[in-house]
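Scroll down for the structure; my scribbles are underneath it.
Note that the structure is predicted; figures quoted are calculated from it, not measured. So you know, we letter chains A, B, ... as the sequences are listed, proteins then strands, and number each from 1.
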Protein chains: 2
Amino acid sequence: MVKLFFVRSAHIIPGMENGIANLLGALSLAVMDRIEQGAREVVGRGGETPAALIVIGYGQGMTNDKLRRILGLSHSGTVRLVDRLVSDRLVERRPGKDGREVALHLTASGAASRNELLASRISAVTSLLDVLSAAERKQLATLIHELLARQDTSEMDRFTICRMCDDRVCTKCPLPTSKGQHAR
Amino acid sequence: MVKLFFVRSAHIIPGMENGIANLLGALSLAVMDRIEQGAREVVGRGGETPAALIVIGYGQGMTNDKLRRILGLSHSGTVRLVDRLVSDRLVERRPGKDGREVALHLTASGAASRNELLASRISAVTSLLDVLSAAERKQLATLIHELLARQDTSEMDRFTICRMCDDRVCTKCPLPTSKGQHAR
DNA sequence: TTAAATATGTGCGTAGCGCACATATATGGT
DNA sequence: ACCATATATGTGCGCTACGCACATATTTAA
């Protein structure tokens with residue numbers, strides 16, 4: 001008789017293997033708690049607002065609609081989010097290439113807040129990581145790198161996962177850029 | 001969101017060492033995105049509501065105030081959160097030992113939702129993990145276990161980090177139970 | 001030239017949460 | 001016993017972040 005596990009979803013590995021999933025879940029929660037607390041202290045806002053500031057800063061061609069898809073918000077939610085960033089003097093709406101589009105640009109203070117945000121995030125994660133030795137961190141980096149590299153992500157998935165990423169330290173993103181074609 | 005036990009400053013390790021922090025930050029975001037999406041589908045609510053359901057299910061002695069501290073919410077926020085759980089017929093308020101306290105108990109459907117929630121969480125994390133080999137998962141589990149075991153956490157910190165943990169698979173939590181005494 | 005697609009903005013409502021205040025019970029000092 | 005303080009919960013009110021439905025402007029395709 002097979003040992004029955006609760007609701008047997010497609011992805012639940014039977015036996016002790018779920019221990020690792022629980023551990024990663026707990027760690028991820030701790031990491032995100034710290035990142036979000038720091039982000040709120042830096043920009044004074046929560047939700048997807050900090051991520052929006054980072055995403056807009058990746059390039060000067062960001063539009064409302066691309067931002068919406070990356071953040072996973074509704075259209076109106078994104079418009080209101082940008083309204084908040086504009087009223088906080090962090091972002092400017094400029095005319096886009098296409099007459100319909102709005103080109104989102106960081107102001108000087110927006111760029112400064114973005115840098116603080118990225119530094120705060122790295123600091124928050126590092127404060128958890130620094131109990132590991134350099135060798136252990138190297139090992140962990142290799143494993144996470146592989147884990148990310150083997151995901152089946154579209155280009156948009158990648159932007160979503162990387163919406164808080166620090167482009168100053170992440171020069172070569174391990175995530176594949178289009179679904180179905182494995183990077184190896 | 002959650003009150004934290006330490007925010008050491010000047011934690012940025014110079015050089016390439018920040019790559020690992022960025023990778024773990026990205027992974028944690030991806031993990032929590034998936035956990036939160038699944039949780040919202042299961043209980044129809046977001047924020048700290050799913051965590052509350054899990055925490056209340058850990059024992060039958062949970063009070064409003066302990067819950068507040070674990071979730072890192074204000075008192076009134078916690079009262080309203082419990083109001084929602086009660087109106088959803090997932091939780092009952094019963095008289096506590098102390099005349100002031102309220103004893104929070106899961107209803108039958110609350111316990112069922114909690115099990116779905118835990119299964120959904122494990123499934124969400126596993127779907128990201130299963131690109132790794134069994135050996136790699138074992139390695140990763142060991143590293144995360146050590147990372148958590150070496151944190152300097154109080155008992156309340158532990159409850160906060162473990163507020164989404166699956167007590168059916170996590171039998172021995174690696175986190176230390178009180179600050180300053182290292183578990184080794 | 002019109003229909004459909006694309007991109008943005010707005011009115012209105014809701015969920016989740018915090019602050020300040022009110023109430024009820026327990027505890028400790030005198 | 002009495003009263004001040006601590007503890008625990010509940011409430012009025014407002015705010016932030018967000019979604020749905022609708023309106024408007026521009027581009028593309030038939």
Side-chain angles (χ1 to χ4, degrees), chain A residues 32-33 36-37 39-53 55-56 61-88 90-105 156 160 163-164, chain B residues 1-3 32-33 36-37 39-53 55-56 61-88 90-105 156 160 163:
Chain A
M32 290 312 299
D33 277 353
E36 284 168 14
Q37 173 183 293
R40 180 173 290 277
E41 285 167 6
V42 169
V43 297
R45 300 196 180 268
E48 292 297 324
T49 305
L53 203 58
V55 169
I56 293 170
M62 185 54 53
T63 69
N64 219 321
D65 192 62
K66 275 204 286 187
L67 185 62
R68 175 189 78 78
R69 282 193 282 260
I70 292 171
L71 301 180
L73 296 180
S74 71
H75 162 61
S76 65
T78 307
V79 172
R80 298 293 149 76
L81 194 163
V82 173
D83 286 346
R84 291 193 295 273
L85 290 174
V86 169
S87 77
D88 290 348
L90 300 176
V91 164
E92 282 178 2
R93 285 182 169 113
R94 298 187 195 163
K97 287 252 160 188
D98 192 309
R100 298 166 291 188
E101 292 181 353
V102 169
L104 302 173
H105 290 260
M156 196 51 69
T160 297
R163 68 191 190 274
M164 300 280 288
Chain B
M1 180 203 294
V2 162
K3 197 175 36 188
M32 291 312 298
D33 277 353
E36 285 167 13
Q37 176 183 314
R40 179 172 290 275
E41 284 168 7
V42 169
V43 298
R45 297 195 182 272
E48 292 298 323
T49 305
L53 202 59
V55 169
I56 292 170
M62 186 53 55
T63 68
N64 219 323
D65 193 61
K66 274 204 288 186
L67 186 61
R68 176 189 76 77
R69 283 193 281 259
I70 292 171
L71 300 181
L73 296 180
S74 70
H75 161 62
S76 65
T78 307
V79 173
R80 299 292 150 78
L81 193 164
V82 173
D83 286 345
R84 291 193 296 272
L85 290 174
V86 169
S87 76
D88 289 348
L90 300 176
V91 164
E92 281 178 3
R93 283 183 170 113
R94 298 188 195 162
K97 287 252 159 187
D98 193 308
R100 299 165 291 186
E101 293 182 352
V102 168
L104 301 173
H105 290 262
M156 195 52 68
T160 297
R163 71 191 187 275

Discussion item. With rounding to the nearest 0.5 angstrom, report the CZ to OG1 distance, B/R93 to B/T63.
Written reply: 12.0 Å
Worksheet item: Which part of the nucleic acid does B/G96 contact within heavy-atom distance under 4.0 Å: base, sugar-phosphate only, or nothing?
Response: nothing
Item to complete: Assign A/R93 to base, sugar-phosphate, or nothing according to its heavy-atom contacts below 4.0 angstrom with the strands shown.
Response: sugar-phosphate
Worksheet item: How far apart are the closest heavy atoms of A/M164 and A/P50, and which atoms are they?
Response: SD-C, 4.4 Å
Worksheet item: Which pair of non-hydrogen atoms, one from B/I56 and one from B/V91, has the smallest distance, and what is that distance?
Response: CD1-CG2, 3.9 Å
Worksheet item: Separation of A/L67 atom CG from C/dG9 atom C1', in whole Å?
Response: 15 Å
Worksheet item: Hey, does the side chain of B/R84 come within less than 4.0 Å of C/dG16's phosphate (OP1/OP2), counting only N and O?
Response: yes
Worksheet item: What nucleotide among C/dG9, C/dC17, D/dT11 has an atom nearest to a side-chain atom of B/T49?
Response: C/dC17
Practice prompt. State, to 0.1 Å, how close A/L81 and A/L71 come at their nearest heavy-atom pair, and which atoms those are.
Written response: CD1-CD1, 3.9 Å
Discussion item. Checking contacts here: which listed nucleotide (D/dA17, D/dA8, D/dG19) is nearest the side-chain heavy atoms of B/R69?
Written reply: D/dA8
Worksheet entry | Integer-rounded Å distance: C/dT6 C1' and A/E101 CD | 9 Å
Worksheet item: Do NZ/NE/NH1/NH2 and the carboxylate oxygens of A/D33 and B/R163 come within less than 4.0 Å?
Response: yes
Discussion item. Tell me every residue that passes side chain to side chain donor-acceptor pair (under 3.5 Å) with A/E101, counting only those two or more places apart in sequence or in another chain.
Written reply: none
Worksheet entry | Atom pair distance, as rounded to whole Å: CG in A/L104 and P in C/dA7 | 13 Å
Worksheet item: Nearest-Å distance, CG (B/N64) to P (C/dT23)?
Response: 19 Å
Fill in: Nearest-neighbour nucleotide for the B/S74 side chain, C/dT8, C/dG18, D/dG19 considered
C/dG18
Discussion item. Rounding to an integer number of Å, can you tell me how far B/R68 CZ sits from D/dG10 C1'?
Written reply: 14 Å
Worksheet item: Expressed in angstrom and rounded to an integer, what is the separation of B/M62 atom CE from D/dT9 atom P?
Response: 11 Å
Worksheet entry | Nearest atoms (heavy-atom pairs only) where A/L85 meets A/A52 | CD1-CB, 4.0 Å
Worksheet item: What string of B, S and - do you get for nucleotides 22-30 of chain D 5' to 3' if you count protein non-hydrogen atoms under 4.0 Å?
Response: ----BS---
Worksheet item: When the nearest nucleotide of DNA chain D is assigned to A/G77 and to B/V79 on a heavy-atom basis, which residue is associated with the more 5' position?
Response: B/V79
Item to complete: Begin from the C-alpha positions of A/V86 and A/V82 and carry the test side-chain contact (heavy atoms from CB on, under 4.5 Å) through to its verdict.
Response: CA-CA 6 Å; A/V86 169; A/V82 173; 4.1 Å; yes
Discussion item. Using whole Å, what does the distance between atom P of nucleotide D/dA17 and atom CG of A/L71 come to?
Written reply: 13 Å
Worksheet item: Under 4.0 angstrom, heavy atoms only, what part of the nucleic acid is A/T78 near: base, sugar-phosphate, or nothing?
Response: nothing
Worksheet item: OP1 or OP2 of C/dG16 sitting under 4.0 Å from any side-chain N/O of B/R45?
Response: yes
Practice prompt. Give the nucleotide from the list D/dC18, C/dC17, C/dT10 with an atom nearest to the side chain of A/R80.
Written response: C/dT10
Discussion item. Measure CZ/A/R94 against P/C/dT8 and give the value in whole Å, please.
Written reply: 16 Å
